Number of protein chains: 2
Amino acid sequence: MTDRLAGELGWGLAVVFRGYVKAADAVTEGLPGGHRGYQVLSAAARDEPGSQAALATRLGIDRTVMTYLLDDLVKADLVERRQDPCDRRTRLVVATDHGRTVLDDLDKRFARAEQHILGGLSPEDQAAFRALVTALATHVNSVDPVATACDAVEDISTTGRGAQVV
Amino acid sequence: MTDRLAGELGWGLAVVFRGYVKAADAVTEGLPGGHRGYQVLSAAARDEPGSQAALATRLGIDRTVMTYLLDDLVKADLVERRQDPCDRRTRLVVATDHGRTVLDDLDKRFARAEQHILGGLSPEDQAAFRALVTALATHVNSVDPVATACDAVEDISTTGRGAQVV
DNA sequence: TATTGTTATACTCTATAACTATA
DNA sequence: TATAGTTATAGAGTATAACAATA
């Protein structure tokens with residue numbers, strides 16, 4: 001179609017991410033929290049029990065949002081909050097037996113949803129994309145996006161006028 | 001770290017996309033609409049003039065949101081709405097001279113923001129990732145994510161109980 | 001009747017601040 | 001003093017519905 005050089009990465013990421021969320025939420029009918037509820041449940045079932053705050057940080061959501069999310073998942077008997085014997089302030093998030101059963105089914109659903117999103121690529125490219133996304137996410141999570149990007153702004157600002165247009 | 005098989009794609013996409021938005025918005029200080037204002041301005045300057053609705057569809061945002069976004073960009077004298085000689089209902093979105101000047105600067109800023117996000121990859125992997133994202137986005141935009149994903153649900157539902165847990 | 005664009009409204013999601021309890 | 005978690009509130013972002021103009 002038309003040429004799209006600048007901003008193409010942002011456009012592509014937005015389209016792909018939105019498509020994933022739509023497909024994932026369509027597949028989580030009845031699951032509290034939609035695709036994020038699945039991520040929490042998946043972490044609660046497969047990872048070592050962690051605090052709500054740690055879980056929120058890794059999933060990139062606010063700790064207050066995590067409270068609501070867990071409230072709903074607990075109500076549905078999918079996860080439970082356990083006392084941490086080492087620190088009575090923290091609650092460990094663990095999947096219930098019922099949660100693990102539901103997760104088995106959800107895994108299959110999500111596998112299909114993901115396959116649908118990646119369906120336009122060859123199997124080799126799909127594997128490559130998965131690996132690259134994981135590598136990027138790990139990298140991005142280990143840096144402060146704003147700080148470094150703002151350094152870049154400073155570099156540009158010294159060479160001309162800024163983009164302050166209003 | 002911990003193993004993360006199921007849902008890893010969704011987690012990675014969310015982290016990378018959020019990181020991009022953060023870095024991009026940090027770099028668009030003063031630009032109405034943040035990173036999406038940049039996408040609109042970029043399309044208005046480089047693509048053939050299109051209607052607001054067409055632009056909204058391609059960027060994946062609601063047409064009512066596009067109205068607000070354009071209001072602000074017009075106020076800032078970055079784009080203008082032109083009468084379409086072929087259809088008096090539609091408004092063509094075109095960048096102003098000032099908009100093109102500002103865009104030159106924004107392009108450099110976004111190049112750095114994108115570089116920051118992709119910085120964890122080798123140059124070859126960066127190019128590969130950009131190409132894969134573009135290919136995926138083109139594919140995703142051409143399909144209805146919900147419909148196909150719901151087909152997948154039906155397939156699963158016939159083999160056992162659903163994920164309806166509440 | 002259908003479509004473009006606008007406006008007003010309502011809804012969802014997320015962040016902020018204040019609070020309790022622990023450390 | 002600092003941190004984990006909760007709650008209430010406010011804010012941003014988004015979608016819904018009704019409308020006018022045009023096809």
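Chain identifiers are assigned alphabetically (A, B, ...) following the order of the sequence lines, protein sequences preceding nucleic acid strands; residue numbering begins at 1 within each chain. Since we're looking at a predicted model, the values are computed, not measured.
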*Asks:* State whether B:Arg109 and B:Asp104 are salt-bridged, where the test is any N-O pair (Lys NZ or Arg NE/NH1/NH2 against Asp/Glu carboxylate O) under 4.0 Å.
*Replies:* no
*Asks:* Rounding to an integer number of Å, can you tell me how far A:Leu69 CG sits from C:dT14 C1'?
*Replies:* 13 Å
*Asks:* If you only use heavy atoms from C-beta on, which nucleotide in D:dT6, D:dT16, C:dT6 is closest to the side chain of B:Asp62?
*Replies:*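 Output: D:dT16.
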*Asks:* Closer than 4.0 angstrom, basic N to acidic O: yes or no for B:Glu114 and B:Arg112?
*Replies:* no
*Asks:* Tell me the interatomic distance from A:Ile61, atom CD1, to C:dA15, atom P, rounded to whole angstroms.
*Replies:* 9 Å
*Asks:* Considering every strand and a 4.0 Å limit on heavy-atom distances, what is the contact class for B:Thr67: base, sugar-phosphate, or nothing?
*Replies:* base
*Asks:* As a test of reading the structure: which of D:dG5, D:dA17, D:dT9 is closest to the side chain of B:Thr64, going by heavy atoms?
*Replies:*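 Of D:dG5, D:dA17, D:dT9, D:dA17 is nearest to the side chain of B:Thr64.
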*Asks:* Which pair of non-hydrogen atoms, one from B:His35 and one from B:Val21, has the smallest distance, and what is that distance?
*Replies:* CE1-CG1, 3.8 Å
*Asks:* What is the distance, rounded to the nearest whole Å, between atom CD of A:Gln83 and atom C1' of C:dT22?
*Replies:*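 From A:Gln83 CD to C:dT22 C1': 10 Å.
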*Asks:* So which nucleotide from C:dA15, C:dA23, D:dA4 ends up closest to the side chain of A:Asp87?
*Replies:*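 Shortest atom-to-atom distance from the side chain points to C:dA23.
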*Asks:* Which of the following nucleotides, D:dA15, D:dT7, D:dA18, is nearest to the side chain of B:Val65?
*Replies:*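 Comparing D:dA15, D:dT7, D:dA18 against the side chain of B:Val65, the answer is D:dA15.
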*Asks:* Select one nucleotide: of D:dA23, D:dT7, D:dG5, the one nearest the side-chain heavy atoms of A:Ala53.
*Replies:*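 Selected nucleotide (nearest to the side chain): D:dG5.
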*Asks:* Nearest-Å distance, CZ (B:Arg18) to C1' (C:dT14)?
*Replies:*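 Whole-Å distance recorded here is 12 Å.
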*Asks:* In terms of the nearest nucleotide of DNA chain C, which residue is placed more toward the 5' end: B:Leu70 or A:Gly60?
*Replies:* B:Leu70
*Asks:* Is there a donor and acceptor pair closer than 3.5 Å between the side chain of A:Arg88 and the base of C:dT22?
*Replies:*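 No pair found.
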*Asks:* Mind calculating the distance between CG (A:Asp71) and P (D:dT6) to the nearest angstrom?
*Replies:* 6 Å
*Asks:* Are side-chain N/O atoms of A:Gln52 and A:Thr90 paired as donor and acceptor at under 3.5 Å?
*Replies:* no
*Asks:* Of all the nucleotides listed (C:dT4, D:dA4, D:dT6), which has the minimum atom distance to the side chain of A:Thr90?
*Replies:*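 Side chain of A:Thr90 sits closest to D:dA4.
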*Asks:* Using only heavy-atom distances, decide whether a donor-acceptor pair under 3.5 angstrom links the side-chain of B:Arg91 to the base of C:dG5.
*Replies:* no
*Asks:* Looking at C:dT6, I'd like to know if its phosphate oxygens (OP1 or OP2) sit under 4.0 Å from a side-chain N or O belonging to B:Arg81.
*Replies:* yes
*Asks:* For the side chain of B:Arg89 and the base of C:dG5, is some donor closer than 3.5 Å to an acceptor across the two?
*Replies:* no
*Asks:* In whole Å, what is the span from the CG atom of B:Asp84 to the P atom of C:dT3?
*Replies:*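 To the nearest whole Å, that distance equals 17 Å.
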*Asks:* Take atom OH of B:Tyr68 and atom C1' of D:dT14, then tell me their distance rounded to the nearest Å.
*Replies:*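 To the nearest whole Å, that distance equals 9 Å.
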*Asks:* Roughly how many Å is it from CG in A:Leu55 to P in D:dT3, rounded to a whole number?
*Replies:* 19 Å
*Asks:* Flag the pair B:Asp84 and B:Arg89 as a salt bridge only when some basic side-chain nitrogen lies within less than 4.0 angstrom of an acidic carboxylate oxygen.
*Replies:*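 B:Arg89 and B:Asp84: not salt-bridged.
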